[in-house]
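When reading the values below, keep in mind they use all heavy atoms of this one structure, side chains included, and skip hydrogens, waters and symmetry mates.
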Amino acid sequence: MATGRYRRILLKLSGEVLMGDQSFGIDPDTVARVAAEVKAAKDSGLELCLVIGGGNIFRGMAGAAKGMDRAQADYMGMLATVMNALAMQNALEQLGVQTRVQSAIEMDKVCEPVIRRRAERHLEKGRVVIFAAGVGAPYFTTDSGAALRAAEMKCDALLKGTSVDGVYDADPKKVVTAKRYETLSYDRVLSDNLKVMDASAVALCRDNDIPIVVFSIREQGNILKVLDGSGTFTVVTQEKD
């Protein structure tokens, strides 16, 4: 896997990444560091879309688990993703990267609505497009939102930046003997219930033949390493195990 294989990618980041060493919220230094890596990836010649989760501010499923109405909690989580998208937009534009935020929940005072053809035009003009508010409906995660936008924008791959360096057969933070996979099939991920993305997101990527590349965003410079094939990651594709 190398940069030359891909013309357009969607980068999915967990909201927790933006916390840095904090236990909550947005750490400006961490956002600036990630933005610099996004800029480096764009400068390599890629067209780049982003989706950022909201777990650093509010997670809908966690709210529902504590008795909140699930739909209401999910909408609150969507608003958290808009806050993260605006923070990333600010950091990218301070680096000179033209950026547009498109939200699945319309809020025209701060960002554009999701319009596929407009997003296409932004990418053609060299802008980074950040898609916020998931799919705009409750009961869907930002993973599903990322898969949907990757399919809509005809992305060549979906890169998922997390706190671990790939997909394991057990939680590597709890099981020291956990094995990391180099490659996996979509069907293996679904049948073994491996925690890559939620099932609907994996199925959507499978149906549209979009490779999912799972890597650690916490290691500095890792986006470019993954793109040129020198990093550590797991690729989920149509290939059989």
Side-chain angles (χ1 to χ4, degrees), residues 1 5-17 48-55 59-62 64-65 70 74 77-78 81 104 114 116 129-175 178-218 222-223 226-227 229 231-241:
M1 188 181 85
R5 280 188 55 185
Y6 298 136
R7 177 182 64 90
R8 177 180 295 174
I9 65 169
L10 187 140
L11 175 62
K12 165 64 168 62
L13 301 176
S14 64
E16 287 87 346
V17 168
L48 196 58
C49 311
L50 266 69
V51 170
I52 308 172
R59 187 181 294 278
M61 290 185 69
R70 172 65 189 273
D74 279 354
M78 289 180 227
T81 71
V114 174
R116 182 178 61 83
V129 178
I130 306 176
F131 293 108
V135 303
Y139 298 96
F140 290 93
T141 67
T142 50
D143 282 347
S144 291
L148 173 63
R149 303 306 173 205
E152 277 189 312
M153 302 308 296
K154 297 181 172 59
C155 291
D156 300 309
L158 192 163
L159 273 62
K160 181 172 181 180
T162 68
S163 59
V164 293
D165 59 358
V167 182
Y168 287 77
D169 58 1
D171 187 344
K173 297 177 181 178
K174 299 177 181 177
V175 182
K179 172 191 171 185
R180 185 180 61 81
Y181 297 101
E182 295 286 337
T183 60
L184 280 168
S185 68
Y186 303 107
D187 290 338
R188 175 73 180 279
V189 169
L190 292 171
S191 64
D192 289 6
N193 196 28
L194 298 174
K195 303 301 183 183
V196 179
M197 305 175 86
D198 64 76
S200 60
V202 174
L204 187 55
C205 287
R206 178 192 62 191
D207 294 346
N208 290 278
D209 198 16
I210 301 170
I212 304 169
V213 183
V214 183
F215 69 102
S216 172
I217 190 64
R218 296 188 183 278
N222 220 15
I223 297 177
V226 169
L227 288 170
T232 302
F233 51 86
T234 298
V235 183
V236 182
T237 67
Q238 297 280 14
E239 297 174 4
K240 295 182 179 179
D241 301 328

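- Salt-bridge formation is detected for the pair K160/D143: a Lys NZ or Arg NE/NH1/NH2 atom is positioned less than 4.0 Å from an Asp or Glu carboxylate oxygen.
- Heavy-atom neighbours of R206 CZ from other residues, nucleotides or ligands within 6.0 Å: above the threshold of 12.
- To the nearest 0.5 Å, atom CZ of residue R59 and atom OG of residue S14 are 8.0 Å apart.
- A donor-acceptor pair is defined here as one N or O able to donate and one able to accept, closer than 3.5 Å; no such pair exists between the side chain of D156 and the backbone of I9.
- With sequence neighbours excluded, no residue forms a salt bridge (charged side-chain N to carboxylate O under 4.0 Å, His left out) with D165.
- With rounding to the nearest 0.5 Å, the separation of CG in L159 from CG in N222 is 10.0 Å.
- No side-chain heavy atom of M197 sits under 4.5 Å from any side-chain heavy atom of V236.
- Shortest non-hydrogen contact noted between L48 and L11 is CD1-CB, 4.5 Å.
- When all heavy atoms are compared, the tightest approach of R70 to M61 is NH2-CG, 3.7 Å.
- Applying the side chain to side chain contact (heavy atoms under 4.5 Å, CB included) test to S144 and every residue at least two apart in sequence or in another chain returns F140, T141, D198, S200, A201.
- R188 approaches Y181 most closely through the heavy-atom pair NH2-OH, 3.4 Å.
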Checklist entry - Are T183 and T237 close enough, and set up right, to give a side-chain contact (heavy atoms from CB on, under 4.5 Å), and what steps lead you there? => result CA-CA 7 Å; T183 60; T237 67; 5.6 Å; no
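- Side-chain contact between L158 and C205 is present, with at least one heavy-atom pair separated by less than 4.5 Å.
- Nearest heavy-atom pair across S163 and K173 is OG-NZ, 3.2 Å.
- Using a 4.5 Å cut-off on side-chain heavy atoms (C-beta onward), T162 and V214 make contact.
- Rounded to the nearest 0.5 angstrom, F131 CZ and K12 NZ are separated by 14.5 Å.
- A 4.5 Å side-chain heavy-atom check between I223 and F215 finds at least one atom pair inside the cut-off.
- No option in I212, V167, L184 other than L184 meets the side chain to side chain contact (heavy atoms under 4.5 Å, CB included) test with V189.
- T142 places no side-chain N or O within 3.5 Å of a backbone atom of G134 that could act as its donor or acceptor partner.
- What you find for R149 and A104 is that their closest heavy atoms are NH2-CB, 3.7 Å.
- The nearest pair of heavy atoms linking C49 to M153 is SG-CG, 4.2 Å.
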